[in-house]
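In what follows, a single structure is set out as structure tokens and then discussed.
Just so it is clear, the model here is predicted, and its values are computed rather than measured. All chains are named by letter (A, B, ...) in the order of the sequence lines, taking the proteins before the strands, and each is independently numbered beginning at 1.
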Amino acid sequence: MASYKSSLRITLPITCVIFETILIILFAMLVEYDQETDANLWHQKLRNHSETNYNNDFYYRYPSFQDVHVMIFIGFGFLMTFLQRYGFSSVAFNFLIAAFSLQWATLMQGFLHGMQHGKIHVGVESMINADFCTGSVLISFGAVLGKTSPVQLLVMAMFEVTLFAVNEFLLLSILGAKDAGGSMTIHTFGAYFGLVVARVLYRPQLEKSKHKNSSVYHSDLFAMIGTIFLWMFWPSFNSAVTAHGDDQHRTVMNTYYSLAACTLSTFAMSSLVNRGGKLDMVHIQNAAIAGGVAVGTAGEMMLTPFGSMVVGFLAGIISTLGYKFLSPVLEKKLRIQDTCGVHNLHGMPGILGAVVGAVTACLATSDVYGEGMEDVFPEIYNGKFLASTQATRQAIGLAVTLGMALFGGIIVGFIMKLPIYSSPPDTICFEDSIYWEV
Amino acid sequence: MASYKSSLRITLPITCVIFETILIILFAMLVEYDQETDANLWHQKLRNHSETNYNNDFYYRYPSFQDVHVMIFIGFGFLMTFLQRYGFSSVAFNFLIAAFSLQWATLMQGFLHGMQHGKIHVGVESMINADFCTGSVLISFGAVLGKTSPVQLLVMAMFEVTLFAVNEFLLLSILGAKDAGGSMTIHTFGAYFGLVVARVLYRPQLEKSKHKNSSVYHSDLFAMIGTIFLWMFWPSFNSAVTAHGDDQHRTVMNTYYSLAACTLSTFAMSSLVNRGGKLDMVHIQNAAIAGGVAVGTAGEMMLTPFGSMVVGFLAGIISTLGYKFLSPVLEKKLRIQDTCGVHNLHGMPGILGAVVGAVTACLATSDVYGEGMEDVFPEIYNGKFLASTQATRQAIGLAVTLGMALFGGIIVGFIMKLPIYSSPPDTICFEDSIYWEV
Amino acid sequence: MASYKSSLRITLPITCVIFETILIILFAMLVEYDQETDANLWHQKLRNHSETNYNNDFYYRYPSFQDVHVMIFIGFGFLMTFLQRYGFSSVAFNFLIAAFSLQWATLMQGFLHGMQHGKIHVGVESMINADFCTGSVLISFGAVLGKTSPVQLLVMAMFEVTLFAVNEFLLLSILGAKDAGGSMTIHTFGAYFGLVVARVLYRPQLEKSKHKNSSVYHSDLFAMIGTIFLWMFWPSFNSAVTAHGDDQHRTVMNTYYSLAACTLSTFAMSSLVNRGGKLDMVHIQNAAIAGGVAVGTAGEMMLTPFGSMVVGFLAGIISTLGYKFLSPVLEKKLRIQDTCGVHNLHGMPGILGAVVGAVTACLATSDVYGEGMEDVFPEIYNGKFLASTQATRQAIGLAVTLGMALFGGIIVGFIMKLPIYSSPPDTICFEDSIYWEV
């Protein structure tokens with residue numbers, strides 16, 4: 001290990017400083033407070049009696065934002081500490097690329113989702129959307145965990161955030177698809193993008209680091225901190241940007257029931273597929289939260305509690321089976337070394353969520369939604385779409401997402417393969433000591 | 001250890017799948033969105049100008065719900081990771097039985113607390129109540145931690161949730177007692193139910209596993225994560241279902257002061273009773289949060305900050321003394337092997353809380369409560385009860401709770417003793433490796 | 001180690017019991033529910049239609065309060081668990097002195113910030129302010145971590161809370177300075193107070209415990225739990241007591257951007273200054289959150305997202321350089337043994353925050369703030385101050401804070417040096433086993 005001389009001392013500071021400097025310059029030129037955060041504009045509204053302080057969007061969304069924030073930094077960060085000698089890097093690189101991504105996402109989403117008078121206006125909703133985009137990057141991080149340097153990850157984040165924003169724009173603004181909790185935009189996109197990157201970065205000699213690519217007792221307990229926070233706060237995630245009132249309330253409840261059912265099916269399947277009926281921490285840490293992914297699109301719809309439970313139950317089964325049977329195949333046959341198994345937690349459940357969203361949209365009637373149709377399916381409410389049209393748009397949205405993820409992942413994967421990012425050699429992957437004073 | 005062949009591979013998947021299937025069927029038949037989560041119904045209210053989005057109950061209660069959720073899954077889950085070799089099982093079985101219990105509780109509480117047109121209507125308040133009922137099951141889990149298989153625990157949860165709902169119905173709906181934070185319904189019930197179950201499941205040969213029934217350095221730190229989250233969020237727990245406005249606000253404050261005082265008395269007593277003045281992590285982890293239990297009933301009342309501090313101070317003393325002097329007696333004389341000492345954290349402080357509630361109710365006057373009497377003591381406000389009647393009802397509520405817990409615990413204990421649940425042998429209790437691929 | 005006989009068994013219980021008894025007596029005499037927590041008073045307002053339940057301050061501030069609470073108990077508590085053999089003491093003494101300080105702060109702040117009819121009125125805002133004051137004590141705790149007994153810490157807390165309240169009163173009420181997030185009142189005060197105490201308590205023989213004054217792998221991961229929670233919830237901290245509406249919303253956003261930029265500059269500097277470009281966990285754990293400190297004063301002002309990022313970027317650089325180059329000098333030349341490096345995390349970034357606040361105040365114009373000037377700079381709005389006057393007052397506030405901290409710290413340091421508090425000998429500092437049954 002001593003023979004490996006990293007050039008990180010040069011590349012990491014330069015990358016961080018250049019990236020942050022560009023961000024600061026662009027923010028200076030382009031970003032302004034929106035009407036709810038600007039002292040002058042908000043007080044004009046108050047004076048005209050068109051608003052009251054308790055109707056500031058802050059009070060509707062900030063608690064949800066903070067829950068999402070915990071998922072991004074504690075949830076994803078600690079979920080990845082399961083590796084025995086990669087805990088520092090897991091939680092700290094997660095921290096670094098999330099801190100970068102949320103700034104960059106504010107700009108990219110701002111460009112695409114409508115600037116006003118040449119300016120991007122920011123408030124709690126843009127903060128939530130930036131965290132969502134960051135989530136997608138962290139999912140891809142999970143696929144390449146332990147095998148990539150922080151510089152590589154920052155470069156990946158820069159490109160992935162950009163592509164995420166384009167894909168999100170295509171789905172929500174051009175196609176008119178709905179995806180409040182991001183089954184497609186966040187989970188499917190992040191997972192397949194990351195899997196393709198992992199494929200491009202395939203390391204045939206990775207078994208040299210195999211003894212480090214596993215957990216120890218306490219690292220699995222740290223990972224459970226991540227799991228449980230993700231599980232608990234997923235209702236906030238899926239509801240964070242849905243419409244005020246019944247929409248946020250219903251989305252929370254659907255997600256809560258989906259996750260509860262998913263937990264039971266995960267324990268059942270984990271015990272069933274393992275030798276001697278023993279449970280596997282990998283399944284509990286990951287598959288038990290797939291129920292949140294799978295109601296990401298349909299959570300805001302009138303899915304019913306019962307429907308949510310069926311979806312969550314299926315997600316737990318699919319995900320556990322994926323960890324047990326599909327991941328080894330992906331590695332051996334397709335040469336995809338998916339460290340965290342994001343295909344099982346975000347990929348397949350994301351697709352399931354997209355399909356459930358399309359089916360639920362197809363079943364939307366004005367009897368069920370009443371005036372609430374305007375919030376959930378504005379195009380159906382306005383008479384622009386039939387329910388079946390909406391469903392078709394949802395399905396097209398899934399196809400577009402998969403296309404963007406695969407195509408983008410290949411290009412970005414090859415960019416990441418350039419030998420200029422201080423990538424670790426095969427023999428010392430999954431090892432903190434090359435990045436940290438341990 | 002190798003000789004123990006568990007049948008969990010059969011019993012655990014079957015139990016999980018059957019339970020979840022029954023839940024899904026019953027939800028499909030019986031559960032509907034309430035007026036605040038249903039798109040059509042809520043928007044009818046909005047159109048009639050009888051409601052505004054910011055008055056949706058979601059915004060009053062969801063932050064509290066999430067805090068309660070953290071207490072259930074992180075708080076209880078990690079508090080029980082103190083055992084050196086049972087961390088996986090503690091946090092994961094807590095996760096499993098909580099995920100089951102909250103679904104089952106939604107149905108049981110829905111049946112008993114009033115169905116409308118044959119349907120159970122769900123929203124954020126039913127979610128909080130389901131989490132509360134789950135808390136009671138997890139308290140009982142603490143008494144039998146390390147000595148019961150997950151199948152046994154699921155069976156216990158099914159029966160306990162049912163009895164909890166009946167007891168809660170008797171107290172709140174029949175007797176007219178008040179117990180917003182559940183000193184009686186949650187803590188007293190859960191503790192004594194669990195203690196009786198532990199008595200029935202008494203293992204005379206348990207000392208064979210004694211070397212595992214203790215903590216190591218890092219397992220105690222993991223447990224402190226649970227302790228601190230329980231301590232911090234207890235104000236949200238006690239206030240989660242109290243009336244809007246001053247009631248939620250006051251309950252939070254009373255609980256906050258009770259807990260602060262409890263922490264100081266716990267440190268004092270722990271140092272006083274130990275050899276050489278050393279502190280004991282068991283006391284800090286558990287007794288320091290007894291102040292939350294002890295104001296579970298009176299927290300919403302005009303207990304005053306000073307009164308709350310007195311109650312918390314006493315709770316810390318009682319609980320620490322219980323751990324030091326009473327638990328060994330319970331084990332030796334009464335043959336109750338109470339792994340987590342739930343008698344000290346939930347049992348005695350729960351009874352203290354019930355008594356404090358009765359006394360505080362007795363002191364209620366219209367001078368002090370004004371129109372606020374309607375929220376706290378509707379029966380006194382309506383002239384149906386005198387303050388002394390309310391106090392009597394509170395005391396009867398405690399007696400009913402103890403009766404239900406003891407009687408129910410005996411029956412459920414014997415059901416759990418049937419040799420069909422893959423219960424672990426005496427020699428390998430408190431050991432993860434029989435359930436987990438370690 | 002066996003030869004050290006602690007007298008904690010006497011001093012700790014006596015101190016805890018006397019302190020709590022005094023608190024309870026003073027609360028009984030002086031503390032009352034405010035208009036938003038008192039059943040009678042709030043319902044009078046409701047009846048007069050001058051208030052609605054959703055306008056109770058609870059709903060504006062309780063989510064922020066809980067985030068602050070998590071920072072105090074989990075954030076500070078776990079941040080200090082980085083020491084290999086001092087995890088129990090770090091998290092538990094943090095717990096003890098915080099539980100004491102928040103009660104004492106309620107009284108001290110109540111005395112000074114205006115009693116009504118001889119009574120202190122408490123509600124969610126007083127709870128937040130008490131937690132803020134507690135934060136200052138915990139910062140000082142960081143400077144003396146591992147070298148002080150819990151009795152010494154309680155004595156320090158008693159005096160420091162008192163001085164904090166006086167200093168806060170001078171700044172906010174006499175000088176008319178603004179400091180919503182406490183760059184001056186909390187961070188600068190707590191840091192320099194603690195540093196002076198550490199100087200007075202200087203231990204020339206401390207290198208005897210040097211092998212314990214360091215981290216191990218898992219202790220650094222526990223510390224990251226503290227770091228990440230502090231980082232995530234800092235926006236809530238800085239906005240918790242700002243005015244409703246745009247002010248809370250804007251403060252959150254400024255803090256969020258400052259922290260994101262700070263994270264990138266911290267990683268850059270950490271890699272740059274270390275041998276071989278390796279990152280140092282000490283920097284990531286501490287310097288990456290300095291961005292929250294540095295916008296404590298200006299966060300509520302119209303700092304702009306761009307301005308916030310510049311401030312955060314600088315804070316990360318200053319703080320990391322401080323850990324690397326300044327801390328060793330402080331120890332060798334000035335004999336200040338600053339265990340957690342609070343000078344780098346709270347001291348210098350606090351001064352930076354005070355300066356940024358003064359500059360931003362100087363730039364305040366009615367064009368930018370409009371009617372919102374009344375919330376942020378009431379004295380400017382009322383025509384009492386020019387912007388430059390406000391800036392001067394901010395600068396005087398910093399000077400007063402430094403003076404109070406240095407002067408108070410010397411006196412309290414000498415009080416803490418009295419040989420009556422069971423202080424640990426030099427050879428067994430940073431060691432849990434003298435306080436705990438391990």
side-chain contact (heavy atoms from CB on, under 4.5 Å) between C/I74 and B/I228: does it pass, once the steps are laid out? CA-CA 7 Å; C/I74 288 283; B/I228 301 286; 3.6 Å; yes
side-chain contact (heavy atoms from CB on, under 4.5 Å), that's the test. Do B/M309 and C/Q103 meet it? Break it down for me. CA-CA 10 Å; B/M309 288 159 74; C/Q103 297 175 78; 3.0 Å; yes
Between C/H43 and B/Y369, does the ring-ring contact (aromatic ring centres under 6.0 Å, His included) criterion hold? Intermediate values first, please. CA-CA 9 Å; C/H43 280 264; B/Y369 288 83; 9.9 Å; no
Do B/D280 and C/W436 pass the side-chain contact (heavy atoms from CB on, under 4.5 Å) test, and can you show the C-alpha distance, the side-chain angles, and the key distance before you say yes or no? CA-CA 6 Å; B/D280 189 330; C/W436 299 93; over 6 Å; no
What do the steps show when you test C/I24 against B/F306 for side-chain contact (heavy atoms from CB on, under 4.5 Å), and what is the final call? CA-CA 6 Å; C/I24 289 174; B/F306 143 73; 3.7 Å; yes
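Your options are B/S366, B/A243, B/P235, and the one with the most heavy-atom pairs under 4.5 Å with chain C is B/P235. Annotation: maximal heavy-atom pairing with chain C below 4.5 Å, among B/D375, B/D247, B/V282, occurs at B/D375. Between chain C and the options B/V252, B/V310, B/L259, B/D220, the largest number of non-hydrogen pairs under 4.5 Å is found for B/V252. Each of B/L279, B/N55, B/N274, B/V216 has some count of heavy-atom pairs under 4.5 Å with chain C, and the biggest count is that of B/L279. The candidate with the highest count of non-hydrogen atom pairs below 4.5 Å against chain C, out of B/G370, B/G245, B/A288, B/G307, is B/G245. When the candidates B/S270, B/A261, B/G277 are compared by the number of heavy-atom contacts under 4.5 Å with chain C, B/A261 comes out ahead.
Both the backbone and the side chain of C/L23 have a heavy atom closer than 4.5 Å to some heavy atom of chain B. Proximity to chain B involves both the backbone and the side chain of C/F100, based on heavy atoms less than 4.5 angstrom apart. For a residue to count as touching a neighbouring chain, one of its non-hydrogen atoms must lie under 4.5 Å from one of that chain's; by this rule B/P305 touches chain C with backbone and side chain alike. Only the backbone of B/V368 comes within less than 4.5 Å of a heavy atom in chain C; its side chain stays farther off. Of the atoms belonging to C/T52, not a single heavy atom falls under 4.5 Å from chain B.
Inspection of the B/N254 and C/Y33 side chains reveals an N or O donor paired with an N or O acceptor under 3.5 Å. Counting only N and O atoms by type, the side chains of C/D432 and B/Y217 include a donor and acceptor under 3.5 Å apart.
For the pair C/Y62 (side chain) and B/S236 (backbone), a donor-acceptor distance under 3.5 Å is present. Between the side chain of C/Q66 and the backbone N or O of B/M232 there is at least one donor-acceptor pair closer than 3.5 Å. In this structure, B/H249 contributes its side chain and C/V124 its backbone to a donor-acceptor pair below 3.5 Å.
Two residues are said to be in side-chain contact when any heavy atoms from C-beta on lie closer than 4.5 Å; B/F222 and C/F222 meet this criterion.
The ring of B/W231 has its center closer than 6.0 angstrom to the ring center of C/H69. Ring centers of C/Y59 and B/F58: at least 6.0 Å apart, outside the cut-off.
Atom CZ of B/F313 and atom OG1 of C/T21 lie 5.0 Å apart (nearest 0.5 Å). How far CD of B/E371 is from CG of C/N40: 8.5 Å, rounded to the nearest 0.5 Å. Taking CD1 of C/I18 as the reference point, atom CG of B/L264 lies at 12.0 Å (rounded to 0.5 Å). Expressed to the nearest 0.5 Å, how far CG of C/L221 lies from NE2 of B/H218 amounts to 9.5 Å. Atoms CE and CG, on B/M253 and C/D34 in that order, are 6.0 Å from each other to the nearest 0.5 Å. The CG atom of C/D38 lies 7.5 Å from the CG atom of B/D246; values are rounded to the nearest 0.5 Å.
Between C/F95 and B/F267, the ring planes lie perpendicular to each other; the angle is over 60°, past the 30° to 60° tilted range. Classification of the C/F65-B/Y256 ring pair by plane angle, with boundaries at 30° and 60°, yields perpendicular. Using cut-offs of 30° and 60° for the angle between ring planes, the C/F27 and B/Y257 rings count as perpendicular.
B/E374 meets the side chain to side chain contact (heavy atoms under 4.5 Å, CB included) test with B/Y381; sequence neighbours excluded.
The pair B/K278-C/E437 fails the salt-bridge criterion, with no side-chain N (NZ, NE, NH1 or NH2) lying under 4.0 Å from an Asp/Glu carboxylate O.
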